[in-house]
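Keep in mind it's a predicted model, so treat the numbers as computed, not measured. Position 1 is the first residue of the sequence, and the numbers go up from there.
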Amino acid sequence: MNATGYLHRATSRLLVALMLFMSMAAAGADAAQKRQPALPIIRDAEIEGLLRLYTRPIFKAAGINPKAVKVYVLNDHRINAFVAGGQRIFVNTGLILQSKTPNDLIGVLAHETGHIAGGHLARMGVEIDSANYTKIVGMLLGLATIAGGVASGNAEVAQAGQGIMAGSQGFAQRNFLTYARGMESSADQAALGFLKATQQSARGMINLFEKLASENIAILADVDPYVMSHPMPMERIRNLEQEAKKSPYWDAKDPPALILRHQLVQAKLTGFIGGPQAVMQKYPSADQSMPARYARAIAMFRRGDIQNALPIIDGLIKELPENPYFWELKAQALLENGRAAEAAVPVKKALDLLPSNGLIQMLAAQAYIDTEKPANSKEAIKLLRQAQRSEGQTAETYRLLARAYAMTGDIPRAELATAESALLMGDRKLAMEKATAAQAAFKTGTPEWTRAGDVMRFASRD
């Protein structure tokens, strides 16, 4: 698991999409993307696998190709999920950790799928285009202030946001926000349909909305509902619950095996991002459940106590030997403690269980490279090329490829891979230097020679 970057944004999922759209419209998509701070995205095979399991039937019920939608996990403690940038769903770790059951999280994912199925972001662009630009900017600033007040628990700030909006808005503002609330209600209704079609309850979605309402009710009490981008909480819950109870699946329960997977993911997140204190608070030593031991093992090896972590991980593997993520964790623990040769054994088992998972392929490649054996590095190159099919051309895969090629003595390809990695990281000077050296070593007209030239052209652009 890893997390990168930081993101400052308001609590409203729709507001995030609106602000992103406006920044891109004002200065051009390419320039806006350069200015956007990196998202604190967490990559983990187990978490992503569980989210795919949750979303696949929902996407199919919505008539959406599951392969066409990307679901990202953001390292953010707030309970939130949103759609942005087309068919992309962003889920906060706070939402995963605060969802008591799989159904809670599935309900929110169904709601976000409703936004995608309804083409709401594209239609939002039309609404923005039809309104006065200056008024829309003022409206967004006001919305950001309101959302900031809600996030910080400051009712005065939230009310101040209304003043900002009132000073620059009028009929266009209220029409626009009425449209936004309509989209949220539409996504709610679509979610009910998707859950019914997949024979799942909408109880979890309502439970999450109730939790959010109870947390924000004092702050929202004096906010004018006509300047909110989402329906007011209690009204939304009443309408949803009335409709949801009509479903024959209202009392449907999550399967025990799915509940365990959900709890294991929550334990993993707590272990990796919560720290030892958070782990001990949530999973005291008296708790001998599988999720508790999982979280404690992660916390132990993260603080360097691999001696006590490994027996716990081995115990988990003994109980569920077909769980690839326990084998993956053991490999990661060994690798991060400088025991690459030992890590190569459990990571191979993880690969046997999940042979097409790009993240596990990359972990295996790193373990093989760290053994510093040319034969293992050749195997690492094969795995990294396979990983690129699912992970795409990432800076990390190229960085590992550069190490693997160097280990086998193939310096030109190592130089080219370093150039590719540098270009993706934004280091144009290094990309140009390495691509130039690589091209000089390749025969003119070969694919590698051509690609080196491409890197040089991209690196030289303004």
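Atom CG of Asn376 is separated from atom CE of Met407 by 10.0 Å, given to the nearest 0.5 angstrom. The CD1 atom of Ile312 sits 3.5 Å away from the CE atom of Met300 when rounded to the nearest 0.5 Å. The line from CG of Asn75 to CD1 of Ile42 is 4.0 Å long, rounded to the nearest 0.5 Å. For the atom pair CE (Met280) and CZ (Arg296), the distance works out to 6.5 Å, reported to the nearest 0.5 Å. A distance of 11.5 Å separates CG of Leu109 from CE of Met205, quoted to the nearest 0.5 Å. With values rounded to the nearest 0.5 angstrom, Lys349 atom NZ is found 5.0 Å from Leu353 atom CG.
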Could you walk me through whether Glu46 and Arg261 satisfy the salt bridge (charged side-chain N to carboxylate O under 4.0 Å, His left out) test, starting with their C-alpha distance in whole Å, then the side-chain angles of each, then the deciding distance to 0.1 Å, before giving a yes or no? CA-CA 9 Å; Glu46 183 175 13; Arg261 286 192 64 174; over 6 Å; no
Could you please spell out the steps behind the side-chain contact (heavy atoms from CB on, under 4.5 Å) verdict for Phe442 and Leu416? CA-CA 10 Å; Phe442 290 119; Leu416 180 56; 4.2 Å; yes
Hey, mind stepping through Gln386 and Arg389 against side chain to side chain donor-acceptor pair (under 3.5 Å) and telling me if it holds? CA-CA 6 Å; Gln386 292 172 17; Arg389 297 172 189 169; 5.7 Å; no
Run the numbers on Leu105 and Leu208 for side-chain contact (heavy atoms from CB on, under 4.5 Å), then give the verdict. CA-CA 8 Å; Leu105 182 52; Leu208 255 297; over 6 Å; no
Test Val108 against Val91 for side-chain contact (heavy atoms from CB on, under 4.5 Å), laying out the working first. CA-CA 9 Å; Val108 176; Val91 180; over 6 Å; no
Take Thr93 and Leu74 through the side-chain contact (heavy atoms from CB on, under 4.5 Å) test and state the conclusion after the steps. CA-CA 6 Å; Thr93 53; Leu74 298 181; over 6 Å; no
Going through the distances and angles, do Ser289 and Asp287 end up as a side chain to side chain donor-acceptor pair (under 3.5 Å)? CA-CA 6 Å; Ser289 67; Asp287 185 351; 2.9 Å; yes
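In this structure, Lys70 and Ile89 have side chains that are not in contact, with every pair of non-hydrogen atoms separated by 4.5 Å or more. Residues Gln98 and His77 fail the side-chain proximity criterion, which asks for heavy atoms closer than 4.5 Å. Counting heavy atoms from C-beta on, the side chains of Ile381 and Arg413 never come closer than 4.5 Å. Contact check for Val265 versus His262: no side-chain heavy atoms found under the 4.5 Å cut-off. Here the side chains of Thr55 and Thr113 are not in contact, with every heavy-atom distance at 4.5 Å or above. Side-chain atoms of Asp370 and Leu335, non-hydrogen and from C-beta on, do get closer than 4.5 Å to each other. At least one side-chain heavy atom of Leu310 sits less than 4.5 Å from a side-chain heavy atom of Lys330. Within the 4.5 Å cutoff, the side chain of Leu50 has no heavy atoms near those of the Ile96 side chain.
Thr397 contributes no side-chain N or O that, together with a main-chain N or O of Gln393, makes up a donor-acceptor pair within less than 3.5 Å. In terms of modelled atom types and a separation under 3.5 Å, the side chain of Trp327 and the main chain of Pro321 share a donor-acceptor contact. Between the side chain of Asn80 and the backbone N or O of Asn92, no donor-acceptor pair lies under 3.5 Å. A distance-only check finds a donor-acceptor pair linking the side chain of Gln361 to the backbone of Pro355 [under 3.5 Å]. Between the Gln288 side chain and the Ser285 main chain, a donor and an acceptor come within less than 3.5 Å of each other. The backbone N or O of Asp104 lies less than 3.5 Å from a partner atom in the side chain of Thr101, making a donor-acceptor pair. For the pair Ser99 (side chain) and Leu95 (backbone), a donor-acceptor distance under 3.5 Å is present. The backbone N or O of Ala333 lies less than 3.5 Å from a partner atom in the side chain of Asn337, making a donor-acceptor pair. Remark: the backbone N or O of Ala435 is not paired with any side-chain donor or acceptor of Arg451 at under 3.5 angstrom.
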Show which side-chain atoms of residues 249-260 pair as donor or acceptor with protein atoms under 3.5 Å away, not counting sequence neighbours.
residue: Asp251; atom: OD1; partner: Arg203; partner atom: NH2; Å: 2.7
residue: Asp254; atom: OD2; partner: Asn103; partner atom: N; Å: 3.0

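The two residues Thr418 and Ala402 have their closest heavy-atom pair at OG1-CB, 3.3 Å. Residues Leu329 and Phe272 share a closest heavy-atom pair of CD1-CZ, 4.4 Å. Across all their heavy atoms, Ala267 and Tyr294 have their closest contact at CB-CD2, 4.3 Å. The nearest pair of heavy atoms linking Ala244 to Ala202 is CB-CB, 3.7 Å. Taking both residues in full, the closest heavy atoms of Pro57 and Thr198 are given as O-CG2, 3.4 Å, listed atom of the first, atom of the second, then distance. Among all heavy-atom pairs drawn from Asp188 and His111, the shortest one is OD1-ND1, 2.7 Å.
Looking at Glu243 and Lys246, a side-chain N of the basic residue comes within less than 4.0 Å of a carboxylate O on the acidic one, giving a salt bridge. Salt bridge Lys318/Asp314: absent, no basic N to carboxylate O contact under 4.0 Å. Note on Glu433 versus Lys429: no salt bridge recorded, every NZ/NE/NH1/NH2 to OD/OE distance being 4.0 Å or above. Between Glu420 and Lys434, no side-chain nitrogen of the basic residue sits less than 4.0 Å from a carboxylate oxygen of the acidic one, so the salt-bridge criterion is not met. A salt bridge links Glu319 with Arg293; the closest basic N to acidic carboxylate O contact falls under 4.0 Å.
Taking a 6.0 Å sphere around NZ of Lys378, one finds it holds 12 or fewer heavy atoms contributed by other residues, nucleotides or ligands.
Shown are Leu430, Asp454, Val455; of these, the side chain to side chain contact (heavy atoms under 4.5 Å, CB included) with Leu423 is made only by Val455.
Relative orientation of the Phe90 and Tyr72 rings is parallel, given thresholds of 30° and 60° on the angle between their planes.
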